[in-house]
Each structure stands twice: as structure tokens, then as C-alpha cells.
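This one's a predicted model, so the numbers in the text were calculated from it and none came from an experiment. Chain letters run A, B, ... following the sequence lines, proteins first, then strands; residues in each count from 1.
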Amino acid sequence: MDLSYTPEEEDFRARLREWLAKALPTLPARPSPDDWPARRAYDAGWQRMLYDAGYAGLHWPVDAGGRGATPTQHLIFLEETEKAGAPYVGANFVGLLHAGPTIAAEGTPQQRARWLPPVLRGDEVWCQGFSEPDAGSDLASLRTRAWRDGDAYVVSGSKIWTSHAEVADWCELLVRTDPSAPKHRGITWLAMPMDAPGITVRPLRTLAGSAEFAEVFLDEVRVPVANRVGAENDGWRVTMVTLSFERGTAFVGEVVACRRVLGELARQARRNGRWDDPVLRRRLGRLNAEFRALWRLTQWNVSEAEAGGGVPGVGGSVFKLRYSHARQELYDTAAEVLGADSLDLDRTWVLDRLSSLSYTIAAGTSQIQRNIVAERILGLPKGR
Amino acid sequence: MRFQLTEDQRALRDGVRQLLARRFDADALRVAVASPGPDRALWRELGAAGLFALRLPEAEGGVGLGLPEAVLAFEETGRALLPGPLIATHLAAGTVPGADTGEAVVTAVDGSLVEWLTQADVVRGDASGAVPLRSVDPLTPLHRVGPDTPGAAVAAPDPVAVLLTAAEQLGTATRVCELAVGHARTREQFGQPIGAFQAVKHLCADMLVRAETARAAVYAAAVTADPADVAAARLLADEAAVRGARDCLQVHGGMGFTWEAEVHLHLKRAWVRAQRGGGVTESEESLAVDLVG
Ligand SMILES: Cc1cc2nc3c(=O)[nH]c(=O)nc-3n(C[C@H](O)[C@H](O)[C@H](O)COP(=O)(O)OP(=O)(O)OC[C@H]3O[C@@H](n4cnc5c(N)ncnc54)[C@H](O)[C@@H]3O)c2cc1C
């Protein structure tokens, strides 16, 4: 049990802080959440700044254009950027955290050279076309078809809940290439250019009012065979690499942010008198305990990743279950502090409360996470 | 940063677990329920193994280890349901003669309660006018001291005592999860193990999530010894132990409601420990103040 950082790590932190203090004031004003092209430009600009300073793809392997940083350095990076109020990855999320790492792990040298540098520079945006209307939690039952026609796959079907589809250049797409094989065995992973003929993107409004995700209809879209990552029909395994990345370090910055919000909430309660309610105070105190623990759990997961040197594993499910619930509890408590103002969309925390509702659904629902914990960690039998 | 246990820490934990498995098995537990100890011979053996003198400097005849090691040891005593005022005796090592070797059994007044008052050789704190109560936990005799006025000022709890109690709760949380999973794998109904039913599966998953989150908080508090980290650790560990024991009882069905099964002993002990150190309210309030401090 050692929670201290090495001198090299502290040095890394100090240099990062120094750079952030200089770099952040040069950022343009944040765009409106509804202006997607402006949001994309803003996120790309930030990524370019990271790239120029040598911080892009920090945790990616060196031979993939990354910095090959240790998980602990990555943790420090995410912690410090959040504390300094730097932008979130935003539209570069899928490229940096899902598609990129998948290509780095499974792609050919040509594929890496084609797709990874633009992600690191912030030049190209990716989206994730996995979920379908009839394939959500049961992702492996997806039905979007692809068949070979010369040097291309011809793809037809539809995807849903595709975040950032409107502004993406590429889509990491899961398609069914062998309908007769067992469901996990007939899936293939393709990189689909979003400007290909036959693609229709229809934005979907979330309950928070903005169009964060979309339906994507595919009508005989031609995707070169050269855009296939991994072998034909091996896409499920390739996908699992991606999903375990998603469940690993994806929430570090958010835990830091939640702790900051919690402090702001307590101070707001002091100002508006709600602090005098012992029930509310105790709820705030419990949340303090909760997020302290979640930070420690994050450090633990990072330590495990560092020791194992590999992809974060099922331990991420334990974290995600607890964290998604805690985040919702945080913003429900915010509503209690706000009182009537919690119904005013122009107040801080009200939109955050709405978006927190997605946390127990996206990236594997809480029920699915419990199945994973019970079956893969505790070894309980699968149900019939 | 290396959150994992070191080789030495792992060896210490395994050593305590083996000692307790040998000296305090299921039969010994049953005997203890019928006639609560503490078992003086076992107490001296624990003293010889260094449980009480664990954090005492080597120059004073102790083992010279730190809080993380103490937390690991008390996680094991909690897991094994070992009875007696173990933490009070551990805290008295170096101050009360004989506490370090296990010759003296030491208890302490904690708020309005004293555990093991009549059995202990030494009582720390003012236990005058103590009256016995019929303890809900058959393995923890209790006395009440002073008037029980909720909110009355009590001495600030010793953070080390609070943390070691959290370690015991963590041991319980882990153990009840194992018991529930073990039962869920073997007990069959409707032609399949009950652990294949999702309702049961999800109870078990939540037990593990609570226990592992508490573990991160307890171990981190052992390293930092920061009062707010300690308060956080106790809240998470209390929750993991009490709710875990409740869910374990549920998974055991009618068997869980019997005196015979060990499940109720875990729940009752978790309840006793949750009252220590000013109780949950105190910790929640201090953590609220920490946010604005
Ligand atoms: C904000 C947001 C962004 C998203 N972004 C993307 C994206 O970019 N790309 C993408 O591909 N997808 C994306 N998704 C989709 C997301 O992955 C799915 O919503 C999720 O996997 C759940 O699938 P579903 O919506 O079809 O719900 P369903 O699978 O229909 O689930 C409905 C309910 O049934 C429960 N349930 C289902 N199966 C089981 C079971 N076996 N045991 C117990 N309960 C079960 C679920 O827990 C849930 O409560 C996004 C979702 C959200 C909310």
C-alpha cells in the first residue's frame, strides 16, 4: 500500500501544471452546446494544443504515435487537466478512447499510419456505430448486414444512439458478415467513412434537449475491405478490446470534477440557508465519503493496470456501477440544495442532473454490469 | 503509487488468517456463543503473534509496524468474528502493562457503551455506574454508562480506533459476500442453483461492489491517517458490513433466520461496531464540515 508518487511523476505533474497555466488562457470562448460545428472546432483546437505540447495520446503505445506513458502518468494528466479547468475530450472521445486504441492494438501498420495521426492531431473525429434498434445490451445480436463485392463490403442496416455522428469523419462500425454463424462469431469491425454515399444521419434529441446522438441509416454503403480491422468474423473479440478501454480510465477526470462540484454545492447550501438542515448536511457528508472512496478506487484500478501492464479488466465494472449511481445521487442532492431553482434549466447543475441519468445506461447498463460482476468476478452460474 | 499489498503485508494477512482458522474455527465459534470468553489462552497466543504490540516500536518490545498492517490484521479478526475487546487492548499496548503480550484484557468506554466490562482486567475511561444490558450480539457483552442522551457531548473518537473498527467491518463485508456466493452456488431451487437467478445474482454483485469500494477507502485511510479519510472509510465499511450481512441473510432464506447459521452473528456484530466512535451521524457531520472547511 503506497499512495505516493515518484519524483519523476511529481516532475511530470509540475511541468504539466506549468504548461496548463500558460496554455489555457489562450483558448477561445466555449461554444454553445447546440452549435455542433463550433464544438467540433473547439475540441479539435484543444487536441491540437495537446499534440503540439507532446501530450496527445499520452497513454497510447509509442509505436502508435503515443507517448507510452504509464497508467499513473495518465492518471496525473487527467487529474491535473480537470483541476485546471481544461476542456474535456468532447468530440474526440471515440477516436482517442475507443477506435484509436483498438486500431493501435489490432490494426495493420498501414491502418495505424492512416488513422492514428489524425486522431492525435485532432484532425479527424470518430463515432461509434455499435448499438442498433434491436441490439442494445445484447449487442452481439446486431443485424446490420455486410457482404463482399470485390474489394468492398456493401453495408445495409441501421445504427442508433450514435454519439457525435453529425460531425464525425469516421465510424467504428460493427456489421454481421456471417448470419449463419453463432451470434458472436459472425461480426466484423469496419472503419466507415461518414461521407460515403448511402449514409443518412438523423439527429435524436436527448432528454436534456440537445442532439448529442443520432440514428444512422445505411443503404448499400460501400466500405473498402482494406478498412477492416482484424479478421473477418473476428469483430467481437476486436470489440471487446475497445469496450474494456471504455470501462477503464474513462472516468478519472469526472471523479475529480464531481469532488469539485460537491464542494461548490456545500458552499451554496451555506449561502442559501439549507445547510441548517441536518438531513441535507449528512447527505453531503456521505457524498464526500463516496467520492473520496471512488478516487481511491480509481487509484487502485490504475495501480492494477500498471502492475498488469495490460488492458483494464472487469474491475472497471465495480467502479462503473458505484460511480454512475454516485453521480446521480450528487445531482439529486444538488436539486435539494437548489430547491425551486432545480426546475430552472438556466441554473447550474440542472442540465448536469439531466445528463447524469444516462450514466446507468450508456456503456453497459447497471444491470448488465451486475451480471458481469456476478458471473465473471464471483463465478455465479449463467441463468437460463 | 502501488495500492496493492506488499509481499510482507500479504504474508502478515495470510499469517493472521491461518492462525485464526486454526485457533478459532466454526466449532470454537459455537463454543464462544454458548459461553463468551474471551479465551485467555487464545488471547495470549494473539499477544505472542504480535496482534496487540503490532504498532508498538521495536525499542519498546513491539513489532514496529504501521497502520496499514494493523488494518490488515483487524480485517482478519473481523472476518473471523473473533470476540473480545481486541481494538481497545491493541490501543492500550505500551500504556497498560500486559496489554501488549495479551496478559491483560483491556476495554474502553466508547460513548455510552462499554464492551466486555466484567471480563476485562482494565477499563479505560469512566465506567462508574455502568449497568449491563442484554446485548443483541451474543458475542459482545455490553454495559451502558451515563444517561443515554442523544447528542450529548462525548469525547472525540480516536481516529485509529475508528479506522480499526472499519477494518473489522471490511472483514465482515468480505466474508458475508463469500458466504452468500457459496450458498448461491450450491443451493438449488426450480432445478437450478439459486445463484443463476438474476435477483440473487444482483444482490451478490452489489455486496462485492460495496465491499471493494470500502476496501479502497479503508486501505487509503490507513496510509494517509487523515481524519476525513478515516471518517469516509468508516461510513463505507459500516454500510458494506451491515447491508452485506442483511443481503447474505436474504440469500440464505429460512436458514439465514436461524440461530444455527453463522449469518446472524455477522449482522449483529456489524451493528455493534456501527455504534462505536460516535456512530455514523458523527462521521457524516464531520465530512460535511470538511467540504466547507
Ligand atoms: C448518452 C448515450 C450515449 C450513447 N452513445 C452510444 C454510441 O456512441 N454508440 C453506440 O453504439 N451506442 C451508444 N449508446 C447506446 C448504449 O450503449 C445502449 O443504450 C445500452 O447498451 C443499452 O441498450 P438499449 O438502450 O438497447 O437498452 P436495452 O438493452 O433494451 O435495455 C433496456 C433495459 O433492460 C435491461 N436489460 C437488458 N438486458 C438485460 C439482462 N440481460 N439482464 C437484466 N436486465 C437487462 C437494461 O438494463 C435496461 O434497464 C449510448 C447511450 C446513451 C444513453
Would you call A/Arg322 and B/Asp206 a salt bridge, taking side-chain N to carboxylate O under 4.0 Å as the test?
no

Chain A heavy atoms under 4.5 Å from B/Asp8: which part of the residue, side chain, backbone, both or neither?
neither

When the 4.5 angstrom heavy-atom criterion is applied to B/Ala214 and chain A, the contacting part is neither

Members of residues 71-78 of chain B whose heavy atoms come closer than 4.5 Å to chain A:
B/Leu72

What pairs with A/Trp275 under ring-ring contact (aromatic ring centres under 6.0 Å, His included), at least two apart in sequence or on another chain?
none

Pair B/Glu284 + A/Arg281, salt bridge at N-O below 4.0 Å:
no

Checking B/Thr224 against chain A: side chain, backbone, both or neither under 4.5 Å from a heavy atom?
side chain

Side chain, backbone, both or neither: which part of B/Glu212 has a heavy atom under 4.5 Å from chain A?
both

Please flag which part of B/Gln9 lies under 4.5 Å from any non-hydrogen atom of chain A: side chain, backbone, both or neither.
side chain

Applying a strict 4.5 Å limit to non-hydrogen atoms, the region of B/Arg210 in contact with chain A is both

Just checking heavy atoms, which of residues 235-247 of chain B are less than 4.5 Å from chain A?
B/Leu235, B/Leu236, B/Glu239

Contacting moiety of B/Tyr219, where chain A heavy atoms sit under 4.5 Å:
both

Toward chain A: residues of residues 165-182 of chain B with heavy atoms under 4.5 Å
B/Cys177, B/Val181

